[in-house]
Amino acid sequence: MEYVLIVFVVLVLVVLASCIKIVPQAHAYVVERLGGYQATWNVGIHIKVPFIDRIAKKVLLKEQVVDFAPQPVITKDNVTMKIDTVVFFQITDPKLFAYGVERPIMAIENLTATTLRNIIGDLELDQTLTSREIINTKMRVALDVATDPWGIKVNRVELKNIIPPAAIQDAMEKQMKAERERREAILRAEGEKTSAILVSEGKKQSVILQAEADKEAAILRAEAKKEATIREAEGQAEAILAVQKANADGIRFLNDSNPGNAVLQLKSLEAFAKAADGKATKIIIPSEIQGIAGLVKSLTEVGNDTNIAE
């Protein structure tokens, strides 16, 4: 009897231990009682009724990522391509997730494929290749509305790869190559144009600078010539002034010395001889060469005749 009692107690303890459940973080347990939904257990310790309650489904509440295989789609201009998608979703209601749809991941995959075909069918090839963000947004909205009754929220949808046919890929590569060559030719032409403009500007600046230098040199030469002429004129004026001053000083000296008649006659003869040696063709000799007045008059006429002859 004692052994039977010990075995019974051990079995009771095992059953009670199995009825104690701990729900970890970011998880939820859907509990059924006698085949019907009973409750949803969140994080913490829970106790179920033995042999009556059971955990029907363990649900992960973290955001999950599903990468679906490439799906064939046809564009509006009848180009067949393959597109694979990545869906980011999160379970928000464990009860709806457990009882809403059978095999929810497969349901999301099929729903993604049909939604993608509907969206791509309204776009041409070029629009499909350049409108990823628009396609992602449309798919996320459509999937989120469709999966809401299943307790699933679609957070993001991304087009992972867009694979056009090989012929289209070759044509696109040739087009890209031609576009690159065109841009290269444009850049080269713009570079040559810029270089030619810079060379012309350099020559223009050089001519302008040379002209300005010649102008400055001509001005400096003219100013130097002007200065030399002024200096020469001033020198001649000073020389004439010095000669006149010397003559005046000589006359003043003669007046001061009060020369006699003999000296005056001698000086008159010297002046007459000098006048006779000049270029004058007409010489007037006064009747009284002894007189100073007659000598001065004779010299004046000689000077006037000389100027007329020249």
Side-chain angles (χ1 to χ4, degrees), residues 26 60-92 97 101 103-206:
L60 178 63
L61 300 179
K62 294 180 181 179
E63 185 175 11
Q64 302 178 54
V65 182
V66 180
D67 186 0
F68 297 127
Q71 301 291 330
V73 294
I74 301 175
T75 62
K76 187 177 181 180
D77 48 355
N78 296 323
V79 176
T80 302
M81 63 176 61
K82 290 185 177 181
I83 301 177
D84 57 339
T85 55
V86 180
V87 178
F88 298 80
F89 70 93
Q90 188 174 9
I91 299 171
T92 57
F97 181 75
V101 64
R103 303 175 67 182
I105 302 301
M106 180 179 290
I108 294 175
E109 181 179 4
N110 291 328
L111 183 61
T112 300
T114 55
T115 304
L116 183 62
R117 290 190 179 98
N118 292 334
I119 295 174
I120 299 300
D122 295 332
L123 300 175
E124 294 182 354
L125 175 62
D126 293 339
Q127 293 176 320
T128 302
L129 297 175
T130 58
S131 305
R132 288 197 178 200
E133 191 64 31
I134 298 175
I135 298 172
N136 294 340
T137 302
K138 289 182 178 181
M139 288 189 61
R140 185 192 64 79
V141 173
L143 292 177
D144 192 29
V145 172
T147 57
D148 188 62
W150 305 340
I152 299 173
K153 178 176 178 55
V154 177
N155 296 326
R156 255 181 109 179
V157 177
E158 295 288 342
L159 300 184
K160 186 177 179 181
N161 288 315
I162 299 178
I163 308 172
I168 299 297
Q169 290 185 9
D170 293 340
M172 291 172 61
E173 289 178 358
K174 292 179 180 178
Q175 182 180 1
M176 291 176 62
K177 182 179 179 181
E179 182 66 20
R180 286 194 296 269
E181 292 177 352
R182 184 183 68 85
R183 291 180 181 178
E184 181 183 359
I186 291 174
L187 291 176
R188 185 166 53 251
E190 290 179 351
E192 293 176 354
K193 175 183 176 182
T194 304
S195 176
I197 291 173
L198 292 176
V199 171
S200 300
E201 288 291 336
K203 292 181 179 179
K204 176 183 176 182
Q205 292 295 328
S206 176

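Computed from heavy atoms alone, side chains included, the values below leave out hydrogens, waters and symmetry copies.
Leu123 places none of its side-chain heavy atoms less than 4.5 Å from the side chain of Thr75. Asp84 has its side chain within reach of Lys160: a pair of non-hydrogen atoms, C-beta onward, lies under 4.5 Å apart. Leu159 is listed as a side-chain neighbour of Met139, based on a closest heavy-atom distance under 4.5 Å. The shortest distance between side-chain heavy atoms of Ile135 and Leu116 falls below 4.5 Å. Here the side chains of Val86 and Val66 are not in contact, with every heavy-atom distance at 4.5 Å or above. Counting heavy atoms from C-beta on, the side chains of Val154 and Val87 come closer than 4.5 Å.
Remark: side-chain polar atoms of Asn155 are not paired, donor with acceptor, to backbone N or O of Phe89 under 3.5 angstrom. Counting only distance, with no hydrogens or angles, the side chain of Ser195 and the backbone of Gly191 share no donor-acceptor pair below 3.5 Å. In terms of modelled atom types and a separation under 3.5 Å, the side chain of Asn136 and the main chain of Arg132 share a donor-acceptor contact. Remark: side-chain polar atoms of Thr147 are paired, donor with acceptor, to backbone N or O of Ile152 under 3.5 angstrom. A distance-only check finds no donor-acceptor pair linking the side chain of Thr115 to the backbone of Thr112 [under 3.5 Å]. In this structure a side-chain-to-backbone donor-acceptor pair under 3.5 Å is present from Gln127 to Glu124.
One distance of note links CZ of Arg183 with CD of Glu179; it measures 4.5 Å at 0.5 Å rounding. Here the straight-line distance linking atom CE of Met81 with atom CG of Leu129 works out to 5.5 Å at 0.5 Å rounding. The structure places CZ of Phe88 at 6.5 Å from CD of Glu158, a figure rounded to the nearest 0.5 Å. In this structure, Thr85 OG1 and Leu143 CG are separated by 8.5 Å, a value rounded to the nearest 0.5 Å. Rounding to the nearest 0.5 Å gives a distance of 7.5 Å between NZ of Lys193 and CD of Glu190. Taking OG1 of Thr92 as the start and CZ of Phe97 as the end, the distance is 10.5 Å to the nearest 0.5 Å.
Contact between Leu111 and Ala146 at its shortest, heavy atoms only, is CD2-CB, 3.2 Å. The two residues Glu109 and Gln71 come nearest to each other via the heavy atoms OE2-NE2, 4.1 Å. Scanning both residues, Lys82 and Pro70, for their nearest heavy atoms gives CB-CB, 4.1 Å.
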Arg188 vs Glu184, test: salt bridge (Lys or Arg N to Asp or Glu O under 4.0 Å). Steps then yes/no. CA-CA 6 Å; Arg188 185 166 53 251; Glu184 181 183 359; 3.6 Å; yes
Hey, mind stepping through Asp144 and Lys153 against salt bridge (Lys or Arg N to Asp or Glu O under 4.0 Å) and telling me if it holds? CA-CA 6 Å; Asp144 192 29; Lys153 178 176 178 55; 3.7 Å; yes
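Paired with Lys138 under the rule side chain to side chain contact (heavy atoms under 4.5 Å, CB included), one option of Asp122, Asn118, Ile119 passes, and it is Ile119. Each of Ile120, Val79, Val73 was evaluated against Thr128; a single residue qualifies, Ile120, per the side chain to side chain contact (heavy atoms under 4.5 Å, CB included) test.
Under a cut-off of 6.0 angstrom, the local environment of CD1 in Ile105 is crowded, with over 12 non-hydrogen atoms contributed by other residues, nucleotides or ligands. The number of heavy atoms from other shown groups lying within 6.0 Å of CD1 (Ile163) is above 12.
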